[in-house]
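Before any comments, here is the structure.
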Amino acid sequence: RLLNPDNLLSELKKLKSDNKNVWFYASEAVQQLVDMHRLDEALQLARENTEKFPLIYQVWHDLSQIYKLRGQNEEEINS
């Protein structure tokens with residue numbers, strides 16, 4: 001990685017806030033949080049993303065992945 005994880009997350013959040021309709025940056029921020037093992041924050045952001053971008057498959061996949069990593073199988077199936 002070229003940036004340390006915290007700097008990368010900060011840049012992704014900045015891009016997300018500057019581009020409110022761009023789901024890609026929001027999804028990448030979730031993935032970065034997962035990579036940093038910050039699953040509570042990742043879950044919160046993933047839930048927000050599904051509300052903002054309900055028709056984008058990737059944000060639902062992100063949410064499902066977090067539930068899987070947290071061992072929440074029922075929620076994973078439902079998402």
Side-chain angles (χ1 to χ4, degrees):
R1 295 191 174 167
L2 299 175
L3 295 173
N4 81 33
D6 289 317
N7 289 346
L8 179 57
L9 180 61
S10 176
E11 290 300 316
L12 288 168
K13 285 183 176 181
K14 189 185 317 177
L15 287 168
K16 177 182 165 287
S17 66
D18 291 345
N19 300 289
K20 294 189 185 307
N21 293 322
V22 182
W23 64 268
F24 177 80
Y25 298 114
S27 177
E28 287 300 313
V30 169
Q31 292 303 314
Q32 182 62 22
L33 286 166
V34 168
D35 288 347
M36 296 169 69
H37 304 284
R38 292 165 54 177
L39 297 182
D40 290 339
E41 292 174 72
L43 179 59
Q44 179 181 354
L45 184 55
R47 285 179 177 158
E48 291 172 14
N49 291 346
T50 60
E51 291 175 14
K52 290 179 185 175
F53 311 106
L55 301 179
I56 303 294
Y57 164 79
Q58 183 61 45
V59 298
W60 291 100
H61 177 75
D62 294 342
L63 182 61
S64 177
Q65 176 192 23
I66 295 164
Y67 283 134
K68 181 177 182 176
L69 292 170
R70 291 168 56 104
Q72 294 175 288
N73 298 328
E74 188 69 30
E75 289 85 348
E76 176 190 1
I77 292 167
N78 293 332
S79 68

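Residues take their numbers from the sequence shown, with the count starting at 1. Heavy-atom basis, side chains included; hydrogens, waters and symmetry copies ignored.
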Checklist line | Any L45 side-chain heavy atom under 4.5 Å of E41 side chain | finding: no
Checklist line | Within-4.5 Å side-chain heavy-atom neighbours: W60 and T50 | finding: yes
Next item on the list: Calculate, to the nearest 0.5 Å, the distance between atoms CZ and OH belonging to R47 and Y67 respectively.
Entry: 3.5 Å
Checklist line | Between D40 and Q44: side-chain donor-acceptor atoms closer than 3.5 Å | finding: no
Margin query: Please report the interatomic distance CD(Q32) to OG(S10), rounded to the nearest 0.5 Å.
Written below: 11.0 Å
Margin query: Which heavy atom of N4 sits nearest to which heavy atom of D6, and what is that distance?
Written below: OD1-N, 3.0 Å
Next item on the list: Could you tell me which non-hydrogen atom of I66 sits nearest to which non-hydrogen atom of A42, and how far apart they are?
Entry: CD1-O, 3.3 Å
Checklist line | Derivation and outcome, side-chain contact (heavy atoms from CB on, under 4.5 Å), residues L39 and V34 | finding: CA-CA 6 Å; L39 297 182; V34 168; 4.2 Å; yes
Check: Is a side-chain N or O of D62 found less than 3.5 angstrom from the main chain of A46, in a donor-acceptor match?
Finding: no
Next item on the list: Taking the side chain as every heavy atom from C-beta outward, state whether L43 and L63 have any pair of such atoms under 4.5 Å apart.
Entry: yes
Checklist line | From Q31 atom CD to E28 atom CD, the distance as rounded to the nearest 0.5 Å | finding: 6.5 Å
Check: Side chains of W23 and Q58: does their closest heavy-atom pair fall under 4.5 Å?
Finding: yes
